[in-house]
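Please read the structure below before turning to the comments.
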Amino acid sequence: MKIAQAKRFTLEEYHKLTEIGFFHEDDRIELIRGEIIEMAAKGTAHETCISKLLRELVRLLGDAATLRCQSPILLLNNSEPEPDLAIVKNKPDDYLSAHPIPNDVLLIIEISDSTLNYDREVKLSLYAEAGISDYWIFNLFDNQLEAHSEPFQNSQGNFGYQNRRIVLPNQAIALPPFPDLSLDLSRVFPPKQK
C-alpha cells in the first residue's frame, strides 16, 4: 500500500506553473525546498522597516552593488525565495537574463516579526546550504539585528552559520563586503509601538 505524499516541485516545474498562469500576479508565494509557500502578510512595522532600509541602503551603496526588494533568488534546484532585501553584485543586464544565484549574492536581509522562527530555522539553513555568506534578520519582536556569517555544515548534515552577532538598534554595522560602509540601525528600526 502506497502512502500519499505531498508533491515537491523543481524550479523548472515552478517556473512552468508561473508561465501557464497557474498563479495570480498578486499571489505572495515562494518555492522553498520544493514546497510552494504562501508568504505571511506584512504589518506596518515590517513595511516601515523595509522603507527605511531601502532609503538607507540606496544612499550607502550608490552604484557599488544592486539592491533588490522582495525579488527572487535562485537557490539549489528546488528553492526560489523572495527575501525582503538582497544586495547582489552588479550585472551589465541588471539580471534581465536570470535571477541572481548564490555567487551573485552579497547579503540577504529578512525582516521578521510573525515569521521570526521560520526565518531563523528554515530560511537560515536554506541560505547557509546555498553558501550565502551573510544573512541578516531584522528581528522586530526583540528589536535587534541578528547578523549571521560563515555558513557551514555540521556532522549531522545540518546547515547553519558559525557566527551570530546581535546588533542593537542604537548601534551601527558595516555592510558586507563593504567594510567602509556602515548602516546606522537607529535610522532603520521603527519606533516601538506602545
Side-chain angles (χ1 to χ4, degrees), residues 30 39 42-75 79-113 115-116 118-120 123-152 159-192:
E30 58 187 357
M39 298 189 312
K42 298 181 194 106
T44 56
H46 187 282
E47 286 299 316
T48 297
C49 191
I50 284 181
S51 296
K52 289 177 157 212
L53 262 170
L54 279 170
R55 183 172 44 243
E56 291 302 309
L57 291 173
V58 165
R59 183 181 62 76
L60 283 172
L61 289 169
D63 292 331
T66 299
L67 181 63
R68 294 173 56 94
C69 183
Q70 299 170 340
S71 299
I73 305 289
L74 298 176
L75 303 180
S79 295
E80 188 176 283
E82 296 186 15
D84 288 314
L85 294 164
I87 298 174
V88 297
K89 295 174 184 173
N90 289 329
K91 290 273 178 134
D93 73 346
D94 290 316
Y95 296 96
L96 179 62
S97 59
H99 295 307
I101 60 173
N103 284 343
D104 299 319
V105 177
L106 304 173
L107 172 64
I108 294 281
I109 299 172
E110 296 285 3
I111 299 166
S112 302
D113 41 23
T115 61
L116 184 58
Y118 186 75
D119 291 338
R120 276 183 178 161
K123 290 266 185 102
L124 184 141
S125 72
L126 178 70
Y127 294 140
E129 183 177 357
I132 304 296
S133 61
D134 290 276
Y135 171 47
W136 289 2
I137 300 173
F138 276 82
N139 176 343
L140 300 183
F141 184 76
D142 296 316
N143 212 37
Q144 64 189 24
L145 169 64
E146 300 173 10
H148 301 269
S149 62
E150 296 186 39
F152 80 106
F159 290 88
Y161 285 89
Q162 291 183 54
N163 296 314
R164 176 179 180 250
R165 177 179 167 206
I166 300 298
V167 186
L168 302 176
N170 63 343
Q171 296 178 317
I173 184 170
L175 288 178
F178 305 105
D180 56 325
L181 300 179
S182 186
L183 179 65
D184 179 354
L185 298 186
S186 69
R187 299 175 60 92
V188 174
F189 274 97
K192 278 299 220 186

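Owing to the predicted nature of the structure, the values given are computational and were not obtained by experimental measurement.
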Can Leu183 and Leu53 be said to form a side chain to side chain contact (heavy atoms under 4.5 Å, CB included), step by step? CA-CA 9 Å; Leu183 179 65; Leu53 262 170; 3.9 Å; yes
Working to the nearest 0.5 angstrom, can you tell me the gap between Leu57 CG and Leu107 CG? 8.0 Å
For Phe141, look at atom CZ and say whether over 12 heavy atoms of other residues, nucleotides or ligands are found less than 6.0 Å away. no
Atom CG of Leu126 and atom CZ of Phe159: how far apart are they, to the nearest 0.5 Å? 10.5 Å
Rounded to the nearest 0.5 Å, the CG atom of Asp119 sits from the CD1 atom of Ile137 at a distance of 5.5 Å
Pairs touching residues 54-65 that satisfy side chain to side chain donor-acceptor pair (under 3.5 Å), sequence neighbours left out: Glu56-Arg59, Glu56-Arg187
Might you point out which heavy atoms bring Ile73 and Ala86 nearest each other, and give the distance in Å? CD1-CB, 4.0 Å
I need the minimum non-hydrogen distance between Tyr161 and Ser133, along with the two atoms involved. CE2-O, 3.8 Å
What's the separation between atom OG in Ser71 and atom CD in Glu82, rounded to the nearest 0.5 Å? 7.0 Å
Gln70 side chain reached by Ile50 side chain, heavy atoms, under 4.5 Å: yes
So CG of Asn143 and CZ of Phe138: to nearest 0.5 Å the spacing works out to 10.5 Å
Give a yes or no on whether the backbone of Asn103 and the side-chain of Lys89 come within a donor-acceptor separation of less than 3.5 Å. yes
Quick one: do Leu85 and Trp136 satisfy side chain to side chain contact (heavy atoms under 4.5 Å, CB included)? Show the steps, please. CA-CA 10 Å; Leu85 294 164; Trp136 289 2; over 6 Å; no
With rounding to the nearest 0.5 Å, note down the distance linking OG in Ser125 to CZ in Arg120. 14.0 Å
His148/Asn163 under side chain to side chain contact (heavy atoms under 4.5 Å, CB included): CA gap, chis, key distance, verdict: CA-CA 6 Å; His148 301 269; Asn163 296 314; over 6 Å; no
Could you go through Asn90 and Thr66, starting from their C-alpha distance and side-chain angles, then the distance that decides it, and tell me whether this counts as side chain to side chain donor-acceptor pair (under 3.5 Å)? CA-CA 5 Å; Asn90 289 329; Thr66 299; 2.7 Å; yes
Taking all heavy atoms of Ala128 and all of Gly160, pick out the closest pair and write down the distance. CB-O, 3.3 Å
Side-chain contact test, heavy atoms from C-beta onward, threshold under 4.5 Å: evaluate it for Ile173 versus Arg165 and give yes or no. yes
Polar side chain donor-acceptor pair, Glu110 to Tyr127, under 3.5 angstrom: yes
pair His46-Asp84: side-chain heavy atoms closer than 4.5 Å: yes
Side-chain contact test, heavy atoms from C-beta onward, threshold under 4.5 Å: evaluate it for Ile109 versus Pro83 and give yes or no. no
Compare every heavy atom of Lys123 with every heavy atom of Pro81, then report the nearest pair and how far apart it is. CB-CE, 4.3 Å
Can you name the nearest heavy-atom pair linking Asn139 to Asp142, along with the distance? OD1-N, 2.8 Å
Pro102 to Ala130 - nearest heavy-atom pair and separation: CB-O, 3.3 Å
Walk me through it: do Ile132 and Leu75 pass the test side chain to side chain contact (heavy atoms under 4.5 Å, CB included)? CA-CA 10 Å; Ile132 304 296; Leu75 303 180; 4.2 Å; yes
